[in-house]
Amino acid sequence: MLAGSVLILAGIMGTALYALRRSRRGHGVSERAMLIGGGVLFPFVTLFALMVWSLVGERLAAEDDPSLFRLEARGHQFWWEFTYPDVGGAPLYGAGEAFVPAGEPLLVALESQDVIHSFWVPRLAGKMDAIPGRTNLMRLAADAPGTYAGQCAEFCGNQHLNMRFIVHALPAAELAARLEALAATAPDPALPGAADFAEHCAACHSVDPRRRGGPGPNLAALALRSQLGGGAPYAGADDLRRWLLDHPDIKPGSRKPPTTVNHDTLDRIITYLESTRP
Ligand code: CUA
């Protein structure tokens with residue numbers, strides 16, 4: 001592509017120099033030949049070559065490769081759902097934060113629940129669209145273990161900016177242990193908040209890492225995450241309370257309905273969701 005650009009630039013500069021010299025000397029190639037050659041043939045040949053090159057030479061979409069680690073990322077207005085298709089023989093569901101291997105390539109399968117979003121982790125790879133009704137495969141690699149910030153990069157509605165996510169790249173052994181731990185983590189069902197959650201929240205949210213759940217993000221192991229609702233900081237019960245009470249102001253336009261339960265019930269639900277905190 002660079003070589004093509006340099007060739008075109010050289011051609012244009014050469015033609016410009018020729019035109020300058022010609023106007024001084026007053027003769028040379030006829031205007032008709034210049035028009036047909038420079039105005040029709042040249043763009044036709046160049047654009048055709050570029051089209052062939054872009055179709056054949058440069059593959060933007062990755063090839064499917066079952067030997068690579070696979071993460072499914074599904075865009076929703078306005079959060080990212082992350083699914084690991086096979087952890088111990090079954091899918092594992094999560095949201096907002098993804099865990100991937102460090103030091104080896106992986107595939108991200110991009111999908112969308114509603115409108116076009118774009119998956120972008122600037123330090124790991126370029127952007128790729130998540131489009132409803134199709135799966136776009138993206139290949140990326142985190143060279144070193146670490147935490148990488150991601151952001152939806154396609155305007156998708158009024159809370160497009162609050163559609164952030166986090167990618168944690170871990171060494172392979174650590175990753176396997178983390179995913180197994182996540183698959184075994186759910187809030188303590190013995191807490192009184194379990195019944196309140198079932199009554200008020202479970203229509204939209206699952207707390208079972210093995211069950212995808214309704215339209216809202218899966219909340220299994222929620223207390224192990226570091227952000228809520230695509231970007232609000234989360235370090236403890238106070239942040240969770242603030243989010244549950246104030247999310248219509250923090251994230252206006254979010255699909256999450258306002259919290260209407262009384263304070264005692266809210267306290268029990270928060271204690272329940274926070275029970276996964278080590
Ligand atoms: Cu999703 Cu912008």
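Atoms within a ligand are numbered from 1 in the order they appear, just like the ligands themselves.
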Exercise for review: Determine the interplanar angle of the His76 and Trp79 rings, folded into 0 to 90°, and report it as parallel if under 30°, tilted if 30 to 60°, perpendicular if over 60°.
Suggested key: parallel

Practice item. Give me the ring orientation class for Phe119 and Phe82: parallel if the planes are under 30° apart, tilted from 30 to 60°, perpendicular past 60°. Key: perpendicular

Check your understanding: Is there a donor-acceptor pair closer than 3.5 Å between any side-chain N or O of Asn218 and the backbone N or O of Asp208?
Key -> yes

Review point. Between the main-chain N or O of Gly229 and the side-chain N or O of Lys251, is there a donor-acceptor pair closer than 3.5 Å?
Key: yes

Practice item. Using the test ring-ring contact (aromatic ring centres under 6.0 Å, His included), find all partners of Tyr234 that sit at least two apart in sequence or belong to another chain. Key: none

Check your understanding: Are there any protein N/O/S atoms under 2.8 Å from atom 1 (Cu) of ligand 1, and if so, which?
Key ->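 For atom 1 (Cu) of ligand 1, the protein N, O and S atoms that sit under 2.8 Å away are His117 ND1, Cys152 SG, Cys156 SG, Met163 SD.
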
Point to revise | Residues Arg225, Glu97: salt bridge by 4.0 Å N-O rule | key: no

